[in-house]
Number of protein chains: 2
Amino acid sequence: MPSKTTLKDLANLAGVSVSTVSKALNDSPEIGARTRQRIKDIAESCNYVPNNIARSLKSKSTKTIGVIIPAILIEFFNKVLYGIEQEATERGYKIVICLSNESSQKEAESINTFINGSVDGVILSVAEETQKSKVYDHFEKSAKHNMPMVMFDRVLDDITCDKVTVDDFDGAFKAVKFLSDLGSKNILFLNPISNTSVGQHREAGYVKAVSSLNQQPNIVNVSHYTEIEKTLTTVFKNQKIDAILAADEYSAALAQNAARLNNLDIPQDLSVIGFTNGMVAEYANPSLTVVSQHAENIGKIAAGILLDRIEGKLKTEPVNKVVKTKIVERNSTKKI
Amino acid sequence: MPSKTTLKDLANLAGVSVSTVSKALNDSPEIGARTRQRIKDIAESCNYVPNNIARSLKSKSTKTIGVIIPAILIEFFNKVLYGIEQEATERGYKIVICLSNESSQKEAESINTFINGSVDGVILSVAEETQKSKVYDHFEKSAKHNMPMVMFDRVLDDITCDKVTVDDFDGAFKAVKFLSDLGSKNILFLNPISNTSVGQHREAGYVKAVSSLNQQPNIVNVSHYTEIEKTLTTVFKNQKIDAILAADEYSAALAQNAARLNNLDIPQDLSVIGFTNGMVAEYANPSLTVVSQHAENIGKIAAGILLDRIEGKLKTEPVNKVVKTKIVERNSTKKI
DNA sequence: TTGAAAGCGCTAACAC
DNA sequence: GTGTTAGCGCTTTCAA
């Protein structure tokens with residue numbers, strides 16, 4: 001923290017008291033126009049900037065919100081972050097970010113980083129490990145401290161706070177319908193994220209939709225992206241599949257590449273839909289039809305709720321906002 | 001900023017003075033073991049967490065660094081940010097981020113946000129508008145405030161501060177050599193970022209390398225990605241090109257897609273190399289050979305320098321670190 | 001071994 | 001109109 005001129009310095013230079021300087025700089029009507037201008041000039045010439053830390057201590061408000069995301073290199077989270085930043089900036093707040101890297105411990109540390117008064121509230125998406133272990137101590141702790149908190153996407157039913165979720169069930173359901181309307185009869189669900197709440201909701205939506213069409217669910221769970229090519233090659237050799245719904249964007253791209261390796265033309269022989277509308281989907285060849293979750297918008301909504309909560313604009317009951325998905329049609333799907 | 005129990009509260013509960021509590025919680029040897037434990041127990045039961053704002057005010061150190069990047073949705077910056085976060089976390093610092101969105105004004109506002117004592121130092125990459133306009137007032141201001149500052153990737157020669165840059169000239173030079181060694185004789189340079197310093201360095205490296213091979217430079221500048229398909233189609237029709245070096249990842253992917261539209265097989269008929277080793281390059285089909293700038297590493301280096309500077313571990317002269325690029329070979333290039 | 005007091009930089013109620 | 005004073009929550013000398 002670089003050294004700076006303080007109110008006291010200005011007071012000495014101007015030959016007045018500290019409070020006079022403070023009032024003058026804050027345009028208080030108590031101070032005469034002449035003195036005020038004189039003080040302002042001095043401040044200007046000294047490059048005076050008020051110390052925010054001192055202000056925060058006094059005002060008990062930091063104008064800062066904390067964000068905890070599992071990963072920043074996952075484009076969905078990156079986009080949400082972008083949405084949060086926009087809304088926060090618009091409303092005069094800064095954001096400080098911590099990454100949990102899907103680890104419960106880092107998540108807890110991040111909460112602790114924020115619980116000590118350095119932010120006015122927190123936006124977060126739950127780490128995979130936490131969703132598995134179901135150990136929520138750190139969140140209960142932050143709740144005890146009355147820290148305004150909104151969870152998005154990966155949320156915890158057991159924790160009471162504001163929430164913004166994506167209707168993943170409905171998204172998967174709509175995607176299956178979309179494929180079915182195109183003529184697909186054997187739709188496979190490729191899931192690399194089966195251990196997150198999100199992955200499970202998508203699977204459930206898929207199962208429901210497929211069942212309602214009197215088709216058998218055909219689910220392929222993979223624990224790592226590197227397995228996809230081999231696994232799908234086996235599938236292509238032994239089953240007749242005419243569509244794949246992938247639970248995220250990367251698996252959709254890899255499914256597409258695997259299909260090409262097996263001499264399947266997309267979208268002629270096989271339609272592919274992925275979740276998440278990101279760069280990979282956009283620049284893929286053929287470009288991917290996807291279920292968009294409006295990531296940026298989710299960020300804006302979450303930040304909006306948090307700031308309303310911080311500023312006391314919300315009733316006491318927690319908000320529970322569900323965002324609908326939208327299918328963005330590109331070239332990996334086609335009527336057959 | 002949620003309400004909290006303070007040292008004073010604990011002092012009242014324990015029937016001792018505030019300073020005793022402070023010392024006890026900080027394990028000062030001045031305090032007896034019994035009292036210390038008793039106070040710690042009380043603090044524990046009250047969920048006491050020391051107020052960081054107050055601490056910062058006292059210590060004149062926020063353990064926070066500010067980051068200003070032009071955009072977060074550009075994967076290169078996202079990766080650098082990831083690197084910064086890792087290094088910062090490792091060394092006990094938080095990061096707060098501001099986006100300039102390539103605007104000088106937002107950049108200046110962000111600097112002002114940081115100059116008021118809320119961070120110990122700043123890492124930034126210069127906004128495109130600032131690079132064009134050459135108006136550097138805000139940076140001079142922050143320099144006046146002795147704010148430790150490191151610029152990365154897009155840096156300003158006129159501003160004295162620590163810098164981390166990529167050897168873009170050498171990167172482009174090596175890429176041309178690489179293509180030439182593969183047998184390419186007509187290498188086109190596709191540049192969608194010709195108005196940034198980075199884009200210009202890459203172009204210069206390309207020109208130098210091509211000239212040294214006694215080939216004519218063939219440069220296509222585009223002002224927007226949407227032009228690429230049409231522009232290249234014209235090129236393919238009228239010239240014989242056997243390789244494309246694209247100044248970023250997205251244009252490389254689009255060049256590849258344009259080639260396919262024109263029935264050119266990659267890498268058989270045409271080799272493609274892009275700058276930036278990101279998701280799009282990795283998931284493209286064929287996967288793209290790229291010039292990697294080690295984005296994550298740049299972030300770590302920049303943060304390392306800044307923290308060394310903040311902690312007084314550096315001599316006074318500014319550090320000027322140049323990071324070499326590396327060619328990551330994939331399937332869009334092949335010996336002909 | 002514990003406590004009183006000053007001070008980090010700022011704001012604001014109150015007094016002059 | 002301007003100054004005095006107290007206080008935000010914490011640390012840290014110095015005194016007891």
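Lettering follows sequence order; numbering is per chain, from 1. Just so it is clear, the model here is predicted, and its values are computed rather than measured. Heavy-atom basis, side chains included; hydrogens, waters and symmetry copies ignored.
Of all nucleotides in DNA chain D, those with any atom nearer than 4.0 Å to a heavy atom of chain A start and finish, going 5' to 3', at D/dG1 to D/dG9.
The side-chain contact (heavy atoms from CB on, under 4.5 Å) search around B/R55 returns B/N26, B/P50, not counting sequence neighbours. In this structure, A/K163 has no salt bridge (charged side-chain N to carboxylate O under 4.0 Å, His left out) partners at least two apart in sequence or on a different chain. Under the side-chain hydrogen bond (donor to acceptor under 3.5 Å, both in side chains) criterion, A/E87 pairs with no residue, sequence neighbours left out. B/K40 is linked by a side-chain contact (heavy atoms from CB on, under 4.5 Å) to B/L25, B/D27, B/R36, B/Q37, counting only residues two or more places apart in sequence or in another chain. Applying the side-chain contact (heavy atoms from CB on, under 4.5 Å) criterion to A/E90, with sequence neighbours excluded, gives no partner residue. In terms of the side-chain hydrogen bond (donor to acceptor under 3.5 Å, both in side chains) criterion, A/E140 has no residue partners (sequence neighbours excluded). Every residue meeting the side-chain contact (heavy atoms from CB on, under 4.5 Å) condition with B/V18, not counting sequence neighbours, appears here in chain and number order: B/L7, B/K8, B/A11. Taking B/T130 as the reference, B/S104, B/E107 meet the side-chain hydrogen bond (donor to acceptor under 3.5 Å, both in side chains) condition, with sequence neighbours excluded.
Here A/S59 lies out of heavy-atom contact (under 4.0 Å) with every strand. Within the 4.0 angstrom heavy-atom criterion, only backbone atoms of the sugar-phosphate kind lie near B/T35; the bases stay farther away.
Over its full length, the helix from C/dT1-D/dA16 to C/dC16-D/dG1 turns its helical axis through 60°, comparing axes from the five pairs at each end and rounding to 10°.
Residue pairs meeting the side-chain hydrogen bond (donor to acceptor under 3.5 Å, both in side chains) criterion with at least one partner in residues 148-159 of chain B, sequence neighbours excluded, are B/E102-B/R154.
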Report summary line: Each nucleotide of nucleotides 8-14 of chain C classed B (base within 4.0 Å of a protein heavy atom), S (only sugar-phosphate) or -, in 5' to 3' order, makes BBBBBBB

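Taking CD1 of A/I123 as the start and CD1 of A/I301 as the end, the distance is 11.5 Å to the nearest 0.5 Å.
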